[in-house]
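For reference, the structure is listed below as structure tokens.
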2 protein chains.
Amino acid sequence: MPRPSLKDQRSEQILDAYLTCVAQFGLEGATQERVAAQAGVKRPLLRHYLGNRDQMISALCAHVVQVFDGMSDEAALGLAYAGSGKDIVELLFQEEADHDPRLLLAWQALSVAVGDQPDKRDALLNSLERFLGVLTGTLQRLFPKASSAKARAVAQGVTSILVNLDSLSMLAPPQSWRDELRDGALLLLTSMEAQ
Amino acid sequence: MPRPSLKDQRSEQILDAYLTCVAQFGLEGATQERVAAQAGVKRPLLRHYLGNRDQMISALCAHVVQVFDGMSDEAALGLAYAGSGKDIVELLFQEEADHDPRLLLAWQALSVAVGDQPDKRDALLNSLERFLGVLTGTLQRLFPKASSAKARAVAQGVTSILVNLDSLSMLAPPQSWRDELRDGALLLLTSMEAQ
DNA sequence: AGATAAATTGTCAATGATGACAGTAATTAA
DNA sequence: TTAATTACTGTCATCATTGACAATTTATCT
């Protein structure tokens, strides 16, 4: 009887536009006007589908976490075939792929903006924890002789370099910096073999 | 004849309050009201000393770069006495000291917000480059046998971990994460000895 | 065709942020 | 004491952002 609901589809579309704006302008800079323009809809629609500002932020947070988790799962799939530290680096730092930095930029913007709200704070931390878990697990599989603490430390370091790479992308750093960061990650991974 | 100028002193005071607000709320969230409240002055004074919004942002950018450069110089002084990778980590990751994460948070917030303005972009990149230079130089002194490319890659990695540590500070991560990040940096530095 | 429920748009009031400037207070030199 | 210059405050106009809701359109089922 009723017109078919577009709630899921439109919500996704708007949240992705929201994510883009937050990555570019920060949370406070991502006004409803900008989000609406980015999504190609009129502003009142944002409210219709996502509610008021606070609810929009909550929804964005959940969306970022969901996308991040999806990325972690995807990485886990790829890393299952990794046979060396070099394989890991090539998978995580591939440039030919369409890895856009929006996600981690939005993740960071949210982390500084909602870090005082325990529920969102934990959700963001958990999403990062999942990625760290994937990476740590892969390292333990590849280097079973190393301590799990070492695997964990290396995973934290590699993740830091990945995050930093996306952060820097807004400054359009020279290609050499990207190479150096990738090499840094490779060195860190290589240190898993030592001793 | 004239009343003595407080321009330098007040400007510094206001810029530091501005830096604090940008670290906490992002560039767009650091409204003049908030900055004025943080600095303990009335809003019209901001305009009196720093000009309009764009000029305030430019001034903040210069201020952040200046403080960052000062930190790099200070680090250079301390690193001059470092005799091992462990010394470097202890100096850069010391917790007893009053290293507050505001600076790097504001640096990041600015980098995503003004990354499209070549002058500010270059200023921010140069400030990071100075820090990288200090760290790379120290590594070359400590490990003269390693290639300079390797020193550079390790410097990039350690810097990434430092930046990430300050980013995460807003999420109040468990102490174990901090330890793991520090250990990751130490592993990276230790890899300078290999081969 | 008509009923129903959702999608979409138009519009206005309220609040928030910035720009601008007049006006007052304070400090120093002559 | 007075002139000169700066520090500081009060206040208003303007624009941007958000919240809210009425009104319209569209798609589906009976």
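Residue numbers begin at 1 in each chain, while the letters A, B, ... track the order of the sequences. Treat the numbers as computed from the prediction; the structure is a model and nothing was measured.
- For B:Gln32, whose side chain is taken as the heavy atoms from C-beta onward, the closest listed nucleotide among C:dT18, D:dC8, D:dT18 is C:dT18.
- Side-chain contact between A:Tyr81 and A:Asp87: absent, with no pair of heavy atoms (C-beta onward) separated by less than 4.5 Å.
- Taking atom CZ on A:Arg34 and atom P on D:dT17, their separation rounds to 7 Å, with Å as the unit.
- Looking at A:Arg43, its side chain never comes within 3.5 Å of a backbone N or O of A:Arg34 through a donor-acceptor pair.
- Rounding to whole angstrom units, CD of residue A:Gln55 and P of D:dT18 are separated by 14 Å.
- Note on A:Arg43: a base of the nucleic acid sits closer than 4.0 angstrom, heavy atoms only.
- Cation-pi geometry between B:Arg130 and B:Phe68 is not satisfied (NZ or CZ under 6.0 Å from the ring centre, within 45° of the ring normal).
- Both B:Leu168 and A:Leu135 sit in one connected hydrophobic cluster of ILVMFWY residues. Membership requires side-chain heavy atoms under 4.5 Å apart, directly or through other members.
- Put simply, B:Tyr49 has no side-chain N or O that comes within less than 4.0 Å of OP1 or OP2 on D:dT6.
- Among the nucleotides D:dC8, C:dT8, D:dG19, the one closest to any side-chain atom of A:Asn52 is D:dG19.
- When the nucleotides D:dG10, C:dT9, C:dT8 are ranked by their closest atom to the side chain of B:Lys42, D:dG10 comes out on top.
- In this entry the distance linking CG of B:Leu45 with P of D:dT9 reads 6 Å, nearest Å.
- D:dT6 atom C1' lies 12 Å from atom CZ of B:Arg10, rounded to whole Å.
- In plain terms, the two heavy atoms of B:Gln140 and B:Ala151 that are nearest each other are CG-CB, 3.9 Å.
- Between the CZ atom of A:Arg53 and the P atom of D:dA16 there is a distance of 18 Å, rounded to whole Å.
- Rounded to an integer number of Å, the gap from B:Glu33 CD to D:dT11 C1' is 13 Å.
- Rounded to an integer number of Å, the gap from B:Leu46 CG to C:dA17 C1' is 12 Å.
- Summary of the strand contacts: B:Asp54 and B:Pro4 both lie near DNA chain C, and taking for each the nucleotide with the nearest heavy atom, the more 5' one is attributed to B:Asp54.
- At the heavy-atom level, B:Arg47 lies under 4.0 Å from base atoms of the strands shown.
- Set against D:dT18, D:dA7, C:dT8, the side chain of A:Thr31 has D:dT18 as its closest nucleotide.
- When heavy atoms are screened at a 4.0 angstrom cut-off, B:Pro44 is found touching base atoms of the nucleic acid.
- Rounded to whole Å, the distance from CG on B:Leu6 to C1' on D:dT5 is 12 Å.
- Using a 4.0 Å cut-off, some side-chain N or O of A:His48 falls inside it from OP1 or OP2 of C:dA7.
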